[in-house]
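Read through the structure below, which is laid out as structure tokens, and then see the notes.
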Amino acid sequence: MDNFGFLKVAAAVPHVRVADCDYNTERMAAMAEEAARRGVEIVAFPELGVTAYTCGDLLLQQTLLDAADEALERLVRATRKLPLTLIAGAPLRHGSTLYNCAVVFTQGKVLGVVPKTYIPDYGEFYENRWFASGAGISDEHIAVAGQQADFGADLTFEVNGAEFGIEICEDLWTAAPPSSQLALNGAKVIFNLSASPESVGKHAYLRQLVAQQSGRAIAAYVYCSAGFGESTTDLVFAGNAVIAENGCILREAARFSPDEQLVVADVDIERLEFERRRNTSFRANEGATENTVIEMEIPEGLRGVALDRDIDPMPFVPKDEADRSERCEEIFRIQSHGLAQRMVHTRSEKAVVGISGGLDSTLALLVTARTFDFLHLDRAGIIGITMPGFGTTDRTYNNALELMRGLGVTIREIPIRDACTQHFQDIGLDPGCRGAAYENAQARERTQILMDVANMEGGLVIGTGDLSELALGWATYNGDQMSMYGVNASVPKTLVRHLVKWAAATEQDAATRATLLDIIDTPVSPELLPADDNGKIAQKTEDLVGPYELHDFFLYNFLRAGYGPAKILLLAEQAFDGSYDRAAILRWLTVFVRRFFTQQFKRSAMPDGPKVGSVTLSPRGDWRMPSDASAAAWLRELDTL
């Protein structure tokens with residue numbers, strides 16, 4: 001396991017010959033060498049891979065059992081110089097009983113043997129004909145490969161700080177998989193040695209099963225099944241190999257391949273530890289039973305330059321178009337349902353929304369319109385107010401008006417220039433001084449207008465600020481930071497853009513669709529400073545605080561994964577390779593850390609709003625942080641990078 005908590009694991013699917021133990025272990029040795037070259041630290045092979053799974057009654061023959069033990073001994077010797085741990089499946093005798101086992105070995109030493117707990121004896125399976133269950137076996141020893149090793153179903157193993165457990169095929173398919181208890185006993189990775197034949201529809205269920213068990217156990221799950229070379233007398237084995245982590249599949253093999261396959265992935269032990277710390281239900285049952293942990297240190301192997309892991313640069317936005325569309329629909333439903341309940345509770349039939357012609361206010365207006373439709377209210381009860389100021393451009397002004405017209409809401413235009421000029425005079429501010437007071441006065445004037453109109457109309461002020469702005473504190477305290485219900489409060493900027501784009505794609509009116517698309521293409525800006533000489537937006541948010549795609553990436557990995565700056569930088573370099581260099585990422589990461597800590601006071605006073613995803617900053621919900629917390633430790637780490 002490296003210093004960022006990544007453990008490189010592999011599921012190997014070698015060719016086999018039924019009952020040819022020498023050939024089978026030679027292929028394992030060859031694949032183990034390939035795994036070592038790729039920096040793999042733990043590699044698993046399929047169930048009964050030493051003999052092949054489909055030996056039938058040959059498994060009762062002493063000749064085959066002796067050949068398996070001798071071949072396994074040669075495999076242990078042949079791989080003794082490789083800096084990795086191997087898990088091989090073999091039939092082993094213990095006393096007068098035969099067990100279906102997983103043998104764990106490294107550096108020429110057998111660390112332990114785990115017997116299969118659940119022995120299937122239904123349908124195409126009849127393992128009870130040959131094997132006994134390992135259930136209840138604990139604190140025993142077994143002779144294997146010329147050595148004595150610990151033998152038990154409750155064994156876990158710790159190699160270089162990474163603890164893992166093992167179950168075998170059917171164990172996963174039961175109502176109470178052994179891996180659940182292994183995880184509660186400390187195993188962060190579960191390896192499953194399997195020989196599961198194919199049938200129509202089974203693969204989809206298997207993928208769900210592996211992903212769900214990794215999520216339920218808050219663990220990585222490495223599933224490795226028999227492939228080409230197994231007997232096809234009655235069954236076909238497709239060489240399934242799946243690596244999942246905390247509910248998500250990271251890597252998987254190509255089924256029905258005639259080639260040997262080595263499926264490699266870096267699993268994030270640090271992330272799993274973080275998830276277990278924050279999950280009180282997991283902690284409540286952790287360590288409920290005793291188990292034996294076998295520890296081993298092995299020399300570090302080769303580490304690849306890049307991780308064997310896909311790093312998503314847009315963690316809030318699904319890659320697949322169908323998934324993205326489904327996500328957008330669900331978010332709109334959550335937002336509008338939350339607002340509907342608030343309106344019913346307050347007996348409001350009117351809503352007030354400040355419309356700037358930008359992304360956030362557009363999304364808020366779309367959500368409000370959907371809410372009114374849901375409640376069977378006339379959209380005329382939505383009062384959209386555009387408030388042109390010193391920095392308002394023709395583009396955003398016209399888009400604001402066109403959007404309100406297209407959605408059929410009540411339009412009001414209340415310019416703020418004169419009011420702000422008078423305010424500057426009242427407080428003695430030189431209008432030529434374009435500092436915080438100049439900008440914030442405009443934001444507060446707009447909020448005052450919205451609040452007062454809402455009071456006049458008996459309506460609610462709908463907040464437009466998004467999650468990314470809250471994270472960076474890119475909002476005026478008691479200005480656009482405040483509302484009566486913030487529908488966008490847990491929607492990050494990168495997702496706001498896709499939500500508006502989705503709304504445009506589903507919009508029937510061509511003019512409104514064109515307006516939405518132009519809003520998407522408009523640079524993000526608070527428009528608090530005058531336009532340039534060409535009437536274009538001069539104040540671009542991302543020029544000032546950095547690209548939102550980077551900040552959303554930082555936010556997700558900081559809050560959802562609990563990563564420190566060094567690890568976030570490592571992941572960002574891979575995720576944004578070709579888009580941002582290390583210096584740019586480090587610069588904006590420093591900005592993110594500084595702003596996130598110093599701007600907490602705005603989040604501590606944020607209005608109510610619906611949670612739509614796994615990352616939110618509500619002080620009443622997911623994020624509790626004192627406003628005067630120090631960022632010193634995080635900044636020190638940044639200084640070392």
Side-chain angles (χ1 to χ4, degrees), residues 339 342 346 348 351-356 358 360-361 364 383 385-392 412 414-429 431 433-457 459-491 493 524-529 539 541 544-545 594-610 616-621 623-629:
L339 178 56
R342 182 54 54 96
T346 57
S348 300
V352 178
V353 190
I355 308 300
S356 67
D360 292 337
S361 65
I383 303 169
I385 306 179
T386 180
M387 296 167 281
F390 302 115
T392 302
R412 291 191 64 178
I414 307 176
I416 65 168
R417 297 183 188 90
D418 291 345
C420 288
T421 299
Q422 180 62 51
H423 182 63
F424 296 157
Q425 292 176 7
D426 293 342
I427 65 174
L429 176 68
C433 179
R434 304 292 169 76
Y438 178 87
E439 295 188 29
N440 290 342
Q442 297 174 68
R444 292 192 179 105
E445 176 62 26
R446 285 174 170 142
T447 300
Q448 176 179 257
I449 290 170
L450 296 173
M451 292 289 183
D452 291 346
V453 171
N455 289 161
M456 290 170 58
E457 299 286 348
L460 296 180
V461 175
I462 310 304
T464 61
D466 64 45
L467 178 66
S468 307
E469 292 177 341
L470 284 167
L472 296 169
W474 192 251
T476 298
Y477 192 67
N478 206 33
D480 53 312
Q481 169 256 359
M482 188 48 61
S483 68
M484 296 176 182
Y485 196 73
V487 293
N488 296 341
S490 62
V491 184
K493 186 75 78 176
V524 177
S525 171
E527 292 193 313
L528 297 173
L529 295 179
Q539 187 184 24
T541 299
L544 301 171
V545 297
R594 289 186 184 279
R595 293 194 67 98
F596 187 86
F597 276 81
T598 61
Q599 301 297 299
Q600 171 64 25
F601 73 99
K602 296 177 182 176
R603 301 189 289 269
S604 295
M606 65 182 282
D608 293 353
T616 70
L617 289 168
S618 168
R620 299 166 296 277
W623 186 249
R624 295 166 180 83
M625 171 183 168
S627 297
D628 50 3

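Just so you know, these numbers use all the heavy atoms, side chains as well, and skip hydrogens, waters and symmetry mates. Everything numeric in this text was worked out from a predicted model, so none of it was measured. Here, residue 1 is the first one in the sequence, and each next residue gets the next number.
- In this structure, the side chain of Glu439 does not engage the main chain of Ala436 through any donor-acceptor pair within 3.5 Å.
- Once rounded to the nearest 0.5 Å, the distance linking CH2 of Trp474 with OG of Ser468 reads 13.0 Å.
- Between Tyr477 and Ala605, the closest heavy-atom pair is OH-CB, 3.9 Å.
- In plain terms, the two heavy atoms of Ala364 and Gly463 that are nearest each other are CB-O, 3.8 Å.
- Side-chain contact, Ser348 with Thr346: a donor N or O sits under 3.5 Å from an acceptor N or O.
- Figure legend: cation-pi geometry between Arg603 and Phe596, with NZ or CZ positioned under 6.0 Å from the six-membered ring centre and within 45° of its axis.
- For the residue pair Pro607 and Arg620, the shortest heavy atom distance occurs at O-NH2, 3.0 Å.
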Working note: Ile355 + Ile385, criterion side-chain contact (heavy atoms from CB on, under 4.5 Å); need CA distance, chi angles, decisive distance, verdict.
CA-CA 6 Å; Ile355 308 300; Ile385 306 179; over 6 Å; no

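- Under the side chain to side chain donor-acceptor pair (under 3.5 Å) criterion, Asp426 pairs with Gln422, not counting sequence neighbours.
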Full working for side-chain contact (heavy atoms from CB on, under 4.5 Å) between Leu339 and Ile462
CA-CA 9 Å; Leu339 178 56; Ile462 310 304; 3.5 Å; yes

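- Inter-residue side-chain proximity for Pro388 and Thr386 is flagged as met; some heavy-atom pair is nearer than 4.5 Å.
- Between atom OG of residue Ser618 and atom CG of residue Asp608 there is a gap of 7.5 Å, rounded to the nearest 0.5 Å.
- In this structure a side-chain-to-backbone donor-acceptor pair under 3.5 Å is missing from Arg444 to Gly479.
- From Leu450, atom CG reaches atom OG1 of Thr464 across 8.5 Å, with rounding to the nearest 0.5 Å.
- Remark: Gln600 CD to Arg624 CZ distance equals 11.5 Å, nearest 0.5 Å.
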Pair His423-Thr421, side-chain contact (heavy atoms from CB on, under 4.5 Å): steps then yes or no:
CA-CA 5 Å; His423 182 63; Thr421 299; over 6 Å; no

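- The number of heavy-atom neighbours closer than 6.0 Å to CZ of Arg594, taken from other residues, nucleotides and ligands shown, is 12 or below.
- Salt-bridge formation is detected for the pair Lys493/Glu469: a Lys NZ or Arg NE/NH1/NH2 atom is positioned less than 4.0 Å from an Asp or Glu carboxylate oxygen.
- To the nearest 0.5 Å, atom CG of residue Leu617 and atom CH2 of residue Trp623 are 8.0 Å apart.
- Minimum interatomic distance between Ser490 and Pro610 (heavy atoms only, all atoms of both residues): OG-O, 2.8 Å.
- Put simply, the residue from Ile416, Thr447, Asp480 that forms a side-chain contact (heavy atoms from CB on, under 4.5 Å) with Gln442 is Ile416.
- A distance-only check finds no donor-acceptor pair linking the side chain of Ser604 to the backbone of Pro626 [under 3.5 Å].
- For the side chain to side chain donor-acceptor pair (under 3.5 Å) test, residues two or more places apart in sequence or in another chain that qualify with Lys602 are Gln599.
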Apply side-chain contact (heavy atoms from CB on, under 4.5 Å) to residues Cys433 and Tyr438 and explain how you reach the verdict.
CA-CA 7 Å; Cys433 179; Tyr438 178 87; over 6 Å; no

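- The backbone N or O of Met387 sits less than 3.5 Å from a side-chain atom of Arg446, completing a donor-acceptor pair.
- A donor-acceptor pair under 3.5 Å links the side-chain atoms of Asn488 to the main chain of Asp360, judged by distance alone.
- Taking each heavy atom of Ser627 and Phe601 in turn, the nearest pair found is OG-CA, 3.3 Å.
- Taking 4.5 Å as the limit, every side-chain heavy atom of Asp466 sits out of range of all side-chain heavy atoms of Leu470.
- Although no hydrogens or angles enter the test, the distance criterion places no donor-acceptor pair under 3.5 Å between the side chain of Arg342 and the main chain of Gly609.
- Using modelled atom types and a 3.5 Å distance limit, the side chains of Asn440 and Thr476 yield a donor-acceptor pair.
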